[in-house]
Every structure is written in structure tokens, then in C-alpha cells.
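For reference, positions follow the sequence shown, starting with 1. Treat the numbers as computed from the prediction; the structure is a model and nothing was measured.
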Amino acid sequence: MRSFSRYVVIACWLCVVMAGPGWAVDRIDEFNKAKRGLQLQLRSKQPGDRIEALKALQEFPLADAVRMIHNSLGDPADAVHWAAYASLLKMSGNQEVCDTLLLMAHKAVHRKGDSQAAAPLLAVLLSSDLPSVQRDTGEFLDKTGASQNGLQVVVALADELGNHHDKADVLPLVRLSKTKVFANHFGVRRAVVQALVRIASAEAVGALVEMMDKVGGEAKADAVEHLTTVTGQIFAMDAAAWQRWWDESKETFEYPTRSIQTPYRSVAMNTASGYYYGLPLFAEKVVFVIDTSGSMAGPRIAAAKRELTRAIAGLADHVQFAVLAFNDGVIIWQKHLVQATPQAKKAATAFVNAQETRSNTASYDALEAAFGFDTEAIYFLSDGAPHGGKIRAPVDIIAAVTAANQTRRISIYTIGIWAGFPGSPLDLFLKTLAEKNEGLYRRVDN
């Protein structure tokens with residue numbers, strides 16, 4: 001069977017080469033003759049055989065061929081998956097192919113949990129140079145982003161492009177940054193920035209510089225950290241300075257050939273606009289969550305209130321913020337984010353100072369309430385392991401919050417007040433919660 005399928009592949013290639021410009025007239029007939037053999041080859045146990053079949057299929061820009069290639073995107077062999085993607089990419093200049101891909105993406109989006117299936121299809125469509133395809137794909141993404149499931153698809157799309165680590169994917173990411181769903185959702189903006197960070201090329205550096213002022217404080221800090229690391233330039237959060245440097249240097253800039261690894265936020269730490277317990281404040285939209293359980297009574301709550309009110313006082317005028325307190329329930333200062341005006345800061349300070357301690361530590365309920373705000377960052381302070389609330393086990397809280405944050409991409413910074421010995425239940429809970437959610441953890445033992 002393998003030898004027969006190999007023969008079919010060779011025959012397909014010869015048909016293409018020998019037919020010349022007129023081959024398109026007979027392409028459906030040629031494909032139908034080759035189809036069975038190619039189907040058999042795609043079921044071969046040898047990845048190399050399957051890859052050969054995919055290469056042959058890319059010469060037939062027809063809906064049936066597209067569907068056969070699409071099935072190989074889920075191949076267990078990574079090499080076959082990438083060969084299928086590459087085949088679709090080479091066909092992206094064909095209108096029929098793109099129409100088929102868009103229809104398949106539409107079906108995938110409306111099947112719950114199929115964001116991973118839609119992502120590579122949309123990546124191909126964003127890579128197409130056909131103006132009509134660019135327009136239709138942009139409209140599709142904007143419409144898709146109106147639903148939670150749709151947002152998962154768009155974020156998965158950005159992740160898919162970043163996972164290629166290919167400079168060819170900078171252009172589709174830039175095109176994604178021109179959509180309304182990018183402008184309207186922080187999670188999408190951060191996913192695009194994170195994707196560009198994973199592409200080691202000058203093109204990705206230029207794209208990051210161009211979109212710095214469009215992405216939001218936390219995502220901007222991601223960009224600054226990466227740009228500072230790979231360029232050696234120190235312009236902090238000054239987007240205009242970065243742009244001037246890039247305008248002067250883009251023709252001669254060479255991306256570092258060696259791998260550069262730095263601890264998360266170690267580079268960008270000094271570019272923050274303020275600090276809370278030593279943790280940087282980058283976000284333009286932030287929620288503070290303070291534990292007011294019984295164990296916080298005395299010096300702990302006094303210190304926590306002092307540090308929180310100091311952080312609030314230092315917020316820049318353009319920042320929007322909210323404050324929550326929690327014990328056996330959650331007390332919310334305002335239902336929506338509030339601009340950091342002097343009046344708002346004064347009112348928030350009064351709210352914080354008025355909080356009294358009482359029993360229980362409903363950590364999950366507090367985090368769930370914080371997620372109800374349109375925020376970029378959450379600062380979560382506690383002195384005790386979760387006790388009470390909808391979800392009580394620390395591991396289950398981390399799993400639920402991290403899953404909910406897959407699309408939002410919120411930074412969760414955590415502060416442990418007398419969190420016990422390193423590796424204690426509270427210490428491990430807060431440390432893991434931060435690490436899995438784009439944040440940092442700070443122990444406070446005095």
C-alpha cells in the first residue's frame with residue numbers, strides 16, 4: 001500500500017509540472033484521480049509518508065483538498081501538524097481555499113471548546129494577502145470576540161502564531177492588532193504582545209515598538225521587559241523614546257543570536273509607576289483585594305491598611321482602580337472601576353480604614369469578585385490559608401482562577417502576611433497563584 005500511495009504522489013506532481021498553465025481546467029479531475037491514493041497515504045504509519053501527501057495536496061487549491069489537509073492539523077506527530085499548516089499557508093492566496101477555511105473556522109467557533117481547532121485556520125487567513133480575505137477575517141474576528149467562547153478563539157489564535165516562533169507570523173499578528181477585538185479586550189492585546197515576544201526577529205521588535213501605547217500597562221510592561229533585554233536600550237515605559245530609537249536603528253538592528261533568560265519582571269521592575277509592598281504597579285486598571293479575617297487583627301491589619309492606602313495615594317491620575325475586602329464574605333467599595341482622582345483616593349482610603357476584622361477567609365469568593373471588574377491586575381493580600389467560600393481547597397482555587405484567566409490574561413500579584421515557613425500551605429498557595437497568572441509573590445514577615 002505504501003508503494004502504491006507513493007506512486008500516486010509522484011503522479012500528482014508530474015501532472016502539475018507537465019500540464020503547465022492549463023492544468024487548472026483539469027484540476028478537479030486530476031484531484032479526483034489522486035484522492036484515494038492520497039487518503040491512503042495520509043493514514044500511513046510513517047510521518048514522512050503523511051508529509052509527502054500533504055505536499056502533494058497543496059497543489060490542489062480545492063475545498064476537498066483543504067479539508068483533507070485540515071484533518072492533519074490534529075496529527076499526533078508535530079512534524080505532520082506543521083506540514084499541514086505550511087501546506088494551507090502556501091494555498092492562502094487562493095480565494096476558494098480561504099472561503100473554505102473561513103467556513104470551517106466559523107463551524108469550529110460555534111462548537112464549544114473548539115478554539116484550538118479554529119486557531120490555525122484563522123492564522124492562515126490572517127496571513128493571506130488577498131484584500132477580501134483580510135477584510136472578511138477581520139470582520140469575523142470582531143464578531144467572534146463578542147462572546148466568551150469567541151474570545152478564547154482569538155486568544156488561542158495569538159498563541160498559535162507565537163508558538164510558531166517564525167518571523168513570517170509577525171504580519172498576521174500586526175493585522176490582528178488592527179481589529180476591534182484587539183482594541184476592546186486586554187486579554188487579546190496581551191496575548192498578541194506575548195506572541196511577539198516569542199518570535200526572535202527584528203520584525204517582532206518593530207511591531208512591539210509600534211503597538212506599545214495601544215496595549216495597556218501590564219502588556220506594555222511585558223513589551224518593555226523584552227525590548228530592554230534584547231536591545232540593551234533603557235527607555236522604560238516611554239513609548240515615544242522607543243519609537244525614535246527604532247526609527248534610527250531598524251535598518252542596522254540585529255536580533256541577539258544567543259538566548260537571553262531573565263527572571264520574570266526583573267528587567268521591567270524599575271519602570272513601574274508605583275509600588276505596593278514592593279510589587280510593581282504597571283496596570284492602568286487595577287483591583288486591590290485585602291484580607292480582613294480575624295487573624296489579621298492588630299499589627300497585621302494596621303500595616304496592611306497603611307501600605308494599601310499608600311499605594312492608592314500614589315496611583316497616577318489616568319489609572320482606574322477598585323478595592324475589595326474579604327473575610328467570610330466580600331465587601332466591595334464601588335461596583336465599577338473608578339478614576340484615581342484625589343476625591344476617589346480619599347474615599348477609597350476611608351473605605352479601607354473603616355474595615356473591621358471578622359472570621360473566615362473566603363479567598364476564592366474574593367478573587368471571583370475581583371474578576372468581575374475589567375482589570376489588568378489584581379493585588380491579593382492574605383495572612384491565612386483559604387477557609388470558607390465557594391471553593392476551599394487551595395489547589396482547586398488555583399485551578400479555577402487560572403482557567404478563568406486563560407482568556408483574560410490578568411496579572412495576579414500576591415502578598416503573604418506572615419505566610420509561615422517557605423513551602424507552607426499559604427506560602428505555596430500564594431506563590432503558585434501568582435506564578436500561574438502572570439504575577440509575582442511577596443512574603444512579608446515583619
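- Side chain to side chain, Asn437 and Thr402 meet the donor-acceptor criterion of an N or O pair below 3.5 Å.
- The backbone N or O of Val109 sits less than 3.5 Å from a side-chain atom of Asn149, completing a donor-acceptor pair.
- A tilted orientation is assigned to the rings of Tyr379 and Phe288, their planes being inclined by 30° to 60°.
- Note on Asp222 versus Arg265: salt bridge recorded, some NZ/NE/NH1/NH2 to OD/OE distance being below 4.0 Å.
- Checked by atom type, the side-chain pair Asn360/Asn327 shows no donor-acceptor distance below 3.5 Å.
- Between Arg300 and Asp383, at least one side-chain nitrogen of the basic residue sits less than 4.0 Å from a carboxylate oxygen of the acidic one, meeting the salt-bridge criterion.
- Side-chain atoms of Ser411 and Glu438 include no donor-acceptor pair closer than 3.5 Å.
- Between Arg175 and Asp129 there is a salt bridge, since a side-chain N of the basic residue sits under 4.0 Å from a carboxylate O of the acidic one.
- Taking the six-membered ring where tryptophan is involved, the planes of Trp245 and Phe235 are tilted, since the angle between them lies from 30° to 60°.
- By the 4.0 Å N-to-carboxylate-O rule, Asp159 lies close enough to Arg409 to be salt-bridged with it.
- The existence of a salt bridge linking Arg67 and Asp64 is confirmed by a sub-4.0 Å separation between a basic side-chain nitrogen and an acidic carboxylate oxygen.
- Ion pairing between Lys143 and Glu139 fails under the 4.0 Å rule for side-chain N and carboxylate O.
- For the atom pair CZ of Phe421 and CG of Leu428, the computed distance is 9.5 Å after rounding to the nearest 0.5 Å.
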